[in-house]
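To start, the structure itself, in structure tokens.
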Amino acid sequence: MTLISKTLVGALALTTALAAPLKADPTAEVLHYWTSGGEAQAVKALQEAFAARGGSWVDAPVAGGGGDAQAAVLRARVLAGDPPAAVQIKGPNIQEWAEAGALGDLSAVATAQNWDAVLPAAIQDIVKYEGNYVAVPVNVHRVDWIWANPEVLAKVGATVPTTWDEFNETADKLLAAGIIPLAHGGQPWQDATVFETVVLGIGGVDFYRKALVELDMDALGSDTMVAVFDQMRKMRGYVDPDFPGRDWNLATAMVMRGEAAMQIMGDWAKGEFAAAGKVPGVDYICASTPSENGYLLNSDSFAMFNVSGEDNVEGQALLAELILGTDFQETFNVLKGSIPARTDVPRDSFDDCAIKSMDDMVSAAEGNTLLGSMAHEIAQAGAVRGAFIDVATAHFNSDMSSADAVAQLVDAIKLAQ
Ligand code: BGC
């Protein structure tokens, strides 16, 4: 990041153009990683809205869930002096790119649409840099979800577990019945996704905050963290032998087809169920992973990188305006499985899982139990996130003891800071 040229031009031009009426032929190359069935439908809705307003969309998808593959492409493009106009980034990454001088200021459109009045404080914090909007939020994705197939659970007389002990009991019964308890894709970010839900569930909200957000060394090296890795070792026993490298959406399909009972994954998984015509409460159950009252928040957004050319600059302005429009927020998020970033979108089109997410997010914000996801780059980015993911995945994919994993975690986080 420090290598990024601070001489990238266009920030001023963009700021001015965002306030101006459209004159040119708005164009935007959009870098994103939404390539699964549900994701593709959602991004198509954005393309269509853009086209309906005269925009030319240049699609730049980079396959790879969680966005790690896209991050490498973005760095290379910026260092080559050829950034895409709009990029799906989030969390502290937004701050880092803004600090490097790579992002356009969205203040004009934010003021025109009164973003301050419609975005929750937690989202404003993510997309503002030094008090100004530098990214436009698309959604809120909750991470701590279990997606379950009720028919499969019923085969062992079970319902969705509400404690980790119950999770283990149910999983043991499923194993004994020859059923895969947990559909999982063995990719580092997916291992880390399960890991953070276990940190929240076993440790609780305060422990999650100390360990994964504040990087408190006592919490990271504690017996509670040992217990987290003990649970992760159990989880490893609940996945099928073919899990390494599997994409997350293929794991979701295993639950859909009844080949596995449950998946732990953010609610982009719901986009897959929806794309397959599955109905929540009937074909599948959504439930938050066992925890007292936490909510692991992830939020996608687009940042507009400094690009030259009137068409590009107007394309960016149009995109920013569309993305936070009430209609688009509704259409997009129904398809994506997420909930709107803005709080005033009518709820009628959203299913029960989305309504639960909306309600839980409000109570979590009120009760101070809203926590940024580590795996999904809200609590941490860069080297620190990398260190968490490396240790979580190294432990999951070996016979490393919990004590050794904790020792490695402490060392890795100290080094990464
Ligand atoms: C993103 C989602 C995406 C998922 C799988 C998450 O980090 O926030 O938008 O669907 O990764 O790629």
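Counting convention: from 1, in listed order, for ligands and their atoms alike.
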Q: Give a yes-or-no answer on whether the side chains of D68 and Q187 include a donor-acceptor pair shorter than 3.5 Å.
A: no
Q | Distance-only side-chain donor-acceptor flag, H32 / D300, under 3.5 Å | A | no
Q. Can E377 be said to touch ligand 1, with heavy atoms closer than 4.0 Å?
A. no
Check each atom of ligand 1 against the heavy atoms of [X] and keep those under 4.0 Å away; list them by number with element.
X: K90; value: 1 (C), 6 (C), 7 (O), 8 (O)
X: E39; value: 3 (C), 4 (C), 5 (C), 10 (O), 12 (O)
X: W248; value: 5 (C), 12 (O)
X: H141; value: 2 (C), 9 (O)

Q | Where at least one partner belongs to residues 46-80, residue pairs that pass ring pair (Phe, Tyr, Trp, His ring centres under 6.0 Å), sequence neighbours excluded | A | none
Q. What is the closest protein heavy atom to atom 9 (O) of ligand 1, and at what distance does it sit?
A. D300 OD2, 2.7 Å
Q. In terms of residue, atom name and distance, what is the protein heavy atom nearest to atom 2 (C) of ligand 1?
A. K336 NZ, 3.5 Å
Q.
Tell me whether the NZ or CZ atom of R142 lies within the 45° cone about the ring axis of W145 and under 6.0 Å from its centre.
A. yes
(Q) Please report whether the ring centroid of W97 lies less than 6.0 Å from that of Y129. (A) no
Q) Purely on distance, is any nitrogen or oxygen of W189 under 3.5 Å from one on ligand 1? A) no
Q. Is there any N or O on N298 that sits under 3.5 Å from an N or O of ligand 1?
A. yes
**Q.** Criterion side chain to side chain contact (heavy atoms under 4.5 Å, CB included) on N333 and F350, from CA distance to verdict
**A.** CA-CA 9 Å; N333 287 303; F350 289 93; 3.9 Å; yes
Q) Given G337, G66, S338, which has its nearest heavy atom closest to atom 12 (O) of ligand 1? A) G66
Q) Taking only residues at least two apart or on different chains, which pairs with a member in residues 318-367 satisfy disulfide bond (SG atoms under 2.5 Å apart)? A) C286-C353
